[in-house]
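Below you'll find the structure, written out as structure tokens, and then a few comments.
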Amino acid sequence: MRYDLVIFDNDGVLVDSESISNRLLAAFLTELGYPTSYEDSIRDYMGSAMHRVHELVLERTGRPLPEDFDDVFHGRVFDAFERELKPVPGVVDVLEKLVADDVPYCVASSGSHERIRVGHRTTGLDRWFGAGLVFSAQDVGRGKPEPDLFLHAAARRGVAPERCVVVEDSPAGVQAGVAAGMDVYGFTAMTPADKLVGAKGHFSDMGQLLDLLV
């Protein structure tokens, strides 16, 4: 393994949540009078922290979202997670191999700590991500596409950025990893490779990831 730390994005990389979250986000925004399709949500918000939703809606419409928007949205997402959420196929095998080979890893997500915990508990991935291995955009002032979150995770794990590799599936996440001075591999299960500009390589199946890291 040529890296000292593997940093995973969460939504769409560890847990198969992007389709659930963006379906619900598009529906909620439309319900509130901001017509948004599923495709719009994927394009504009996938991989970004919640503040981007607020900022973009305000920029485009001149109207802020309701104060309770995040709480209501997350409530709907968590309910759906309990019914529908699964681990990304093949990711458990990747984690087992990293542990067996004593390769450090962590997760750095635009989602809140609560969202990460709910997703991991529901899918059983919580056994792989104990204390000190979970980092959220809540921990830093600026989320993806800024590099702050990845730099924070690397610093907390005691690894220089150039010795880290990021596994991402969103344009914002790839941009953040590149800006942090890290190699990034783009997971193309939901996002075409040509949208993940700056990634060192791309893969469409988790079974391919380990070969890219050695």
Side-chain angles (χ1 to χ4, degrees), residues 5-29 38 41-42 44-53 68-99 104-140 143-145 149-150 152-153 156-157 166-174 176-177 184-191 203 205-207 209:
L5 179 66
V6 181
I7 305 178
F8 291 97
D9 176 42
N10 188 56
D11 293 293
V13 172
L14 295 177
V15 295
D16 198 7
S17 56
E18 290 290 10
S19 60
I20 299 171
S21 300
N22 284 283
R23 182 187 78 224
L24 294 173
L25 180 57
F28 192 21
L29 289 172
Y38 172 79
S41 184
I42 291 288
D44 294 339
Y45 305 120
M46 181 173 162
S48 300
M50 285 300 293
H51 65 77
R52 175 167 170 79
V53 182
D68 64 348
F69 179 85
D70 290 13
D71 290 340
V72 174
F73 173 63
H74 285 133
R76 295 182 183 187
V77 168
F78 296 163
D79 287 345
F81 279 4
E82 295 289 349
R83 299 188 304 270
E84 305 174 42
L85 192 63
K86 305 292 183 186
V88 166
V91 78
V92 169
D93 293 335
V94 171
L95 294 170
E96 287 179 341
K97 180 62 173 174
L98 292 178
V99 170
Y105 65 89
C106 64
V107 58
S109 171
S110 291
S112 66
H113 278 284
E114 182 181 15
R115 176 180 173 132
I116 299 167
R117 285 196 303 271
V118 169
H120 287 186
R121 185 181 68 246
T122 302
T123 59
L125 292 184
D126 52 345
R127 64 175 291 203
W128 304 101
F129 291 94
L133 297 183
V134 177
F135 304 99
S136 161
Q138 287 181 314
D139 302 332
V140 295
K144 305 170 191 177
L149 176 56
F150 289 136
H152 171 70
R156 290 290 301 272
R157 298 295 294 156
V166 171
V167 184
E168 266 287 354
D169 71 332
S170 74
V174 172
V184 183
Y185 286 95
F187 183 40
T188 61
M190 285 191 64
T191 308
F203 65 105
D205 186 296
M206 273 295 161
L209 177 59

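Along the sequence shown, residues carry numbers from 1. Nothing here was measured: the structure is a model prediction, and the numbers come from that model. The analysis underlying the following values was restricted to heavy atoms, covering all of them including side chains, and did not include hydrogens, waters or symmetry mates.
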Just how far is it from atom CG of Leu14 to atom CG of Leu125, taken to the nearest 0.5 Å? 6.5 Å
State whether the side chain of Ser170 and the backbone N or O of Gly173 hold a donor-acceptor pair below 3.5 Å, judged by distance alone. yes
Before giving the answer on salt bridge (Lys or Arg N to Asp or Glu O under 4.0 Å), spell out for Asp11 and Arg115 the whole-Å C-alpha distance, their side-chain angles and the decisive distance to 0.1 Å. CA-CA 10 Å; Asp11 293 293; Arg115 176 180 173 132; 3.3 Å; yes
Evaluate the side-chain proximity of Asp205 to Phe187: yes if any heavy-atom separation is below 4.5 Å, no if none is. no
Distance col, row Leu133:CG vs Phe8:CZ, nearest 0.5 angstrom, shows 11.0 Å
Name the orientation class of the two ring planes belonging to Phe81 and Phe78 (parallel below 30°, tilted from 30 to 60°, perpendicular beyond 60°). tilted
Between Lys144 and Asp9, does any side-chain N to carboxylate O distance fall below 4.0 Å? yes
Check ion pair Arg52-Asp44 (N to O, under 4.0 angstrom): no
State the CD-CG distance between Glu84 and Asp16, to the nearest 0.5 angstrom. 10.5 Å
Non-hydrogen atoms of Gly111 and Ser136 that approach each other most closely: O-OG, 2.6 Å
Which word best sums up how the rings of Phe135 and His152 line up, parallel for under 30°, tilted for 30 to 60°, or perpendicular for over 60°? perpendicular
Just checking Phe203 against Tyr185, ring centres under 6.0 Å apart? no
Can you find a pair of side-chain heavy atoms, one from Leu85 and one from Ile20, that are under 4.5 Å apart? yes
Decide yes or no for Asp79 and Arg76: does some side-chain heavy atom of the first lie under 4.5 Å from some side-chain heavy atom of the second? no
Classify the ring geometry between Phe69 and Phe28 as parallel (under 30°), tilted (30 to 60°) or perpendicular (over 60°). parallel
Separation between CZ of Arg23 and CD of Glu18, rounded to the nearest 0.5 Å: 12.5 Å
Considering all heavy atoms of both residues, which atom of Ser21 and which atom of Val77 are nearest to each other, and what is their separation? OG-CG1, 4.2 Å
